[in-house]
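Accompanying notes for the structure given below.
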Amino acid sequence: DTAVSQTPKYLVTQMGNDKSIKCEQNLGHDTMYWYKQDSKKFLKIMFSYNNKELIINETVPNRFSPKSPDKAHLNLHINSLELGDSAVYFCASSRSGGAFGELFFGEGSRLTVL
Amino acid sequence: GDSVTQMEGPVTLSEEAFLTINCTYTATGYPSLFWYVQYPGEGLQLLLKATKADDKGSNKGFEATYRKETTSFHLEKGSVQVSDSAVYFCALREDTDKLIFGTGTRLQVFP
């Protein structure tokens, strides 16, 4: 069983469209994240949710709206897609409560905006 | 704010060569430090970690020691293999739930 799974793995779409990426974890973790990896491999946190509540929002444009229906799922919806949104988006999860825990990552969703 | 600085890549080595990838950090408190590895086309996997000063993390022949006096966490391996070719990320985490990554260092190992 995959611990952190994301769908779709690849997404190609036109500018201006709206798209969603789904993430599910079966590790029993209560904290989930979205990270964006650009073409130079730089990883930057976008959002973090703990028990369905938003706890980190790193000045991401409000075209990006995360939604956590329960603590095992964190979906990312993007409105009015722009060329600069092309990237690989990684979902991750961890146990909360301090600095010691590792993050478990999904395999990534490659978004290409044409 | 907290940050992580890694040496720029790519690092190109022959098989069985010694590897060092430098990592230094800036933090206000006492972070935990991590090395993650990303193989081509895959997500990130934890390689090793250290949670306090002088701790040594090790896994798969890789090692890194948490040096508070030099704020460093350099990754080393005595003899690299072609299968070690990947991108390596140094990261830190303090009491927030945020994991902060360095820019990543690509390692290419040739037979």
Side-chain angles (χ1 to χ4, degrees), chain A residues 2-7 9-10 21 23 25 27 29-51 53-60 68 71 74 87-110, chain B residues 1-11 21 23 25 27-53 55 57 59 66 73 85-108:
Chain A
T2 305
V4 181
S5 58
Q6 300 178 224
T7 54
K9 197 166 180 178
Y10 299 96
I21 306 171
C23 179
Q25 56 95 3
L27 297 167
H29 291 161
D30 48 14
T31 303
M32 295 185 72
Y33 311 79
W34 279 108
Y35 277 81
K36 180 180 179 181
Q37 186 175 47
D38 63 22
S39 58
K40 296 185 178 177
K41 298 290 189 184
F42 183 63
L43 273 159
K44 189 168 165 50
I45 190 167
M46 300 172 68
F47 301 102
S48 169
Y49 269 71
N50 179 271
N51 281 318
E53 287 192 28
L54 179 67
I55 55 172
I56 296 174
N57 180 342
E58 288 287 305
T59 58
V60 177
S68 182
K71 70 177 191 178
L74 180 62
V88 182
Y89 292 84
F90 285 98
C91 179
S93 72
S94 74
R95 280 198 298 262
S96 62
F100 307 116
E102 69 175 281
L103 269 63
F104 291 79
F105 284 82
E107 294 188 340
S109 297
R110 181 178 293 276
Chain B
D2 294 356
S3 66
V4 177
T5 302
Q6 285 182 241
M7 62 189 287
E8 285 207 24
V11 173
I21 300 178
C23 171
Y25 67 90
T28 51
Y30 302 96
S32 293
L33 301 174
F34 304 82
W35 278 100
Y36 278 80
V37 58
Q38 184 179 25
Y39 297 103
E42 297 185 13
L44 282 79
Q45 306 170 26
L46 180 68
L47 182 58
L48 53 85
K49 72 176 184 182
T51 58
K52 60 184 189 297
D55 268 1
N59 185 25
Y66 190 142
F73 192 54
S85 298
V87 181
Y88 292 82
F89 292 90
C90 186
L92 71 80
R93 189 179 185 192
E94 289 206 84
D95 287 337
T96 68
D97 280 316
K98 190 162 61 173
L99 189 66
I100 296 171
F101 286 93
T103 50
T105 303
R106 182 180 299 278
L107 170 65
Q108 296 174 320

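Letters go in sequence order (proteins before strands), and every chain restarts at 1. Source: prediction; values computed, not measured.
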Inset, instruction - Check B:F34 against A:E102 and note the closest heavy-atom contact, atom names and distance. - result: CE2-CA, 4.2 Å

Legend entry - Student check: side-chain heavy atoms of B:F101 and A:K44 closer than 4.5 Å: no

Inset, instruction - State, with a plain yes or no, whether a side-chain heavy atom of A:L103 is found less than 4.5 Å away from one of B:L44. - result: no

Inset, instruction - Find the distance between CZ (A:F105) and CG (B:L46) and round it off to the nearest 0.5 Å. - result: 9.5 Å

Legend entry - A:D38 side, atom CG; B:T103 side, atom OG1 - distance, nearest 0.5 Å: 10.0 Å

Inset, instruction - Spell out, as yes or no, whether a donor-acceptor pair under 3.5 Å connects the side chain of A:Y35 to the backbone of B:L99. - result: yes

Inset, instruction - Count the heavy atoms of every other residue, nucleotide or ligand shown that sit under 6.0 Å from CD of A:E58, and state whether that count exceeds 12. - result: yes

Legend entry - Part of A:Q6 lying under 4.5 Å from any heavy atom of chain B: neither

Inset, instruction - Below 4.5 Å from any heavy atom of chain A, which atoms of B:Q45 appear? Answer side chain, backbone, both or neither. - result: neither

Legend entry - Reported NZ-to-CD distance for the pair A:K41 and B:Q38, which is rounded to 0.5 angstrom: 4.5 Å

